Amino acid sequence: MSLVVVGLSHTSAPMSLLEQIALDPANVEQLRAAVVASPEIAESMVLSTCNRVEIVVEADRFHGAVSDIADALAGVGGVPADELTDYLYVHYDERAVHHVFSTVCGLNSMARGEPQIVGQMRHALAQAQGDGSVGARLNPLLQHALRVGKRAHSETDLDSVARSLIERGLHRVSTHIRPLRSARVVIIGAGAMAAVSLVALGHAGARDVVILSRDVDKGAALAQRYDVSHAPLDDLETMIGLADLVISCTGATVPVVTTDTVASARSTVGASHVAFIDLSLPADVEPSVATVPGVSRLGLADLQTDDDFDLSPHAADVLREVKDLVTTEVASYAMSRRDAAVAPTVAAVRARAGAVLSSEMERLAKRLPDLDAHGQAEVAKAMSRVVDKLLHTPTVRAKELQRHDTPHDYAAVLHELFDLDPRETLTVKTPPPRPAGEIS
């Protein structure tokens with residue numbers, strides 16, 4: 001069995017391909033079903049966000065699993081497999097663990113450190129738990145990953161780094177619009193990226209900000225939290241007509257802002273220039289809005305830079321801190337996996353010893369029928385202590401040796417030395433089923 005991650009993201013593929021293969025919820029379900037149907041894959045989870053599609057699997061055969069995943073992606077995304085393959089990334093075993101932990105911390109996101117990836121992975125895991133496509137191998141890994149993501153945001157200043165993408169966009173449009181202190185800013189969306197945008201705008205001095213959201217209650221709650229205004233999405237055209245800057249981050253699968261809407265808004269009332277910053281993939285704002293006089297647009301492709309380019313010294317320090325956290329957690333997870341590998345066999349050894357002890361106590365009771373209950377209990381205690389002392393050192397040593405990066409399988413050694421029945425090990429190796437919606 002092998003842990004494998006196969007994916008497609010802004011780090012591996014051009015924006016045009018990511019736009020083409022962006023999946024709506026129905027497509028995600030199709031992809032999940034196709035992956036689950038593969039005979040090469042034992043467990044799986046599909047993570048689909050605005051700039052990535054990623055499949056985490058426990059594979060029976062590495063090459064067969066990768067091939068099946070590529071075919072499934074091509075089929076659901078409507079892209080020929082030979083066009084897709086060159087842009088896929090594949091990670092294996094420990095490197096796959098490192099990638100999953102880095103992803104949930106936002107280190108692989110275009111807006112590095114963005115917080116919504118934790119919720120997106122939690123949602124993907126809940127779906128996989130719901131249909132039973134994760135089990136004893138993937139569930140602990142993904143639970144551990146979520147804990148790493150929480151630590152990254154609670155123990156470091158990672159949330160400040162996510163603002164870099166927004167700040168880059170604000171800097172780029174600053175020459176086209178009036179100073180932010182006197183500008184009208186409209187944010188379309190009320191999710192995590194909208195919150196990040198609000199923080200960045202606050203740091204930049206913006207005072208007149210309106211949130212537009214299809215979910216009015218959610219928009220109102222976010223507006224109250226950051227002391228800004230809100231309005232229903234039905235007011236989109238009116239608000240665009242009044243805006244100097246529009247930031248869109250809805251995660252919709254079709255454009256929210258069309259060229260016709262912008263042209264109509266500009267024909268009535270508006271600032272001398274309106275700039276759009278589109279943080280969504282697929283795009284929220286039609287690229288052709290830039291053809292409307294007095295309008296400019298920046299999309300994710302325009303804001304993409306090389307790794308750590310133009311980061312502040314503080315942001316670079318924070319990213320190093322989070323990367324160190326990921327490295328430590330990968331080592332911790334690897335150690336826990338090695339412990340888990342030998343634990344069922346150790347339990348089976350102790351179960352075998354307990355069975356032998358019980359058998360000998362029964363034999364003793366027959367040979368010494370006059371031995372009272374107190375005497376039998378004392379003999380049983382003494383024999384238990386002897387068994388515990390004899391097993392303590394070899395079982396502890398087996399756990400310690402299993403943690404080392406060596407090719408030896410010490411669980412197999414114990415299995416052979418004690419002539420264990422494989423069925424004994426299986427009874428302690430299979431965890432109880434987890435409730436469908438349970439995520440720690």
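The model shown is predicted, which means the values in this text are computed figures rather than measured ones.
At least one donor-acceptor pair under 3.5 Å links the side chain of Ser12 to the backbone N or O of Tyr87. Side chain of Ser174 to backbone of His171: a donor-acceptor contact under 3.5 angstrom is found. With hydrogens and angles disregarded, a donor-acceptor distance shorter than 3.5 Å links the side chain of Ser197 to the backbone of Met193. Proximity of a side-chain donor or acceptor of Arg297 to a complementary backbone N or O of Val285 within less than 3.5 Å is detected. A donor-acceptor pair under 3.5 Å is formed between the side chain of Glu43 and the backbone N or O of Leu138. Side-chain N or O atoms of Asp93 include one that pairs as donor or acceptor with a backbone N or O of Leu3 at under 3.5 Å. Between the side chain of Ser67 and the main chain of His63, no donor-acceptor pair closer than 3.5 Å is present.
To the nearest 0.5 Å, atoms NE2 (His230) and CG (Asp217) are separated by 9.0 Å. Here the SG-CD1 distance, from Cys249 to Ile166, works out to 7.0 Å after rounding to the nearest 0.5 Å. To the nearest 0.5 Å, atom CD of residue Glu58 and atom OG of residue Ser2 are 7.0 Å apart. Met110 CE to Leu18 CG: the interatomic distance, rounded to the nearest 0.5 Å, is 8.0 Å. Atoms CG and CZ, from Leu245 and Phe276 in turn, are 9.0 Å apart once rounded to the nearest 0.5 Å.
A pairwise comparison of heavy atoms in Ala223 and Ser229 identifies CB-O, 3.7 Å as the closest pair. When all heavy atoms of Ser48 and Leu23 are compared, the pair lying nearest together is OG-CB, 4.1 Å. When every heavy atom of Cys105 is checked against every heavy atom of Ala152, the shortest pair comes out as SG-CB, 3.6 Å. Scanning both residues, His144 and Tyr333, for their nearest heavy atoms gives ND1-CD1, 3.6 Å. Scanning all heavy atoms of the two residues, the minimum distance from Val104 to Val118 falls at O-CG2, 3.4 Å. The nearest pair of heavy atoms linking Arg112 to Leu107 is CG-O, 3.7 Å.
Side-chain atoms of Thr156 and Glu321 include no donor-acceptor pair closer than 3.5 Å. No hydrogens or angles considered: a donor-acceptor pair under 3.5 Å links the side chains of His99 and Glu54. For the residue pair Thr11 and Arg52, no side-chain donor N or O sits within less than 3.5 Å of a side-chain acceptor on the partner. Between Thr250 and Asp284, the side chains place a donor N or O and an acceptor N or O closer than 3.5 Å (distance only, hydrogens not considered).
Ionic pairing of Asp317 and Arg320 is present here: one or more N-O contacts between side-chain nitrogen and carboxylate oxygen are shorter than 4.0 angstrom.
Applying the side-chain contact (heavy atoms from CB on, under 4.5 Å) test to Val90 and every residue at least two apart in sequence or in another chain returns Val4, Val6, Phe62, Val66.
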Cut-off 3.5 Å, no hydrogens considered: what does the side-chain donor-acceptor table look like for residues 32-42, sequence neighbours left out?
unit_1 : atom_1 : unit_2 : atom_2 : d
Arg32  : NH1    : Glu29  : OE1    : 2.9
Arg32  : NH1    : Glu29  : OE2    : 3.0
Arg32  : NH2    : Gln127 : O      : 2.9
Arg32  : NH2    : Asp131 : OD2    : 2.5
Ser38  : OG     : Glu40  : N      : 3.1
Ser38  : OG     : Asp68  : OD2    : 2.5
Glu40  : OE1    : Arg61  : NE     : 3.0
Glu40  : OE2    : Arg61  : NH2    : 2.9

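Counting non-hydrogen atoms of other residues, nucleotides and ligands closer than 6.0 Å to CG of Asp372 gives a total above 12.
At least one side-chain heavy atom of Gln120 sits under 4.5 Å from a side-chain heavy atom of Ile117.
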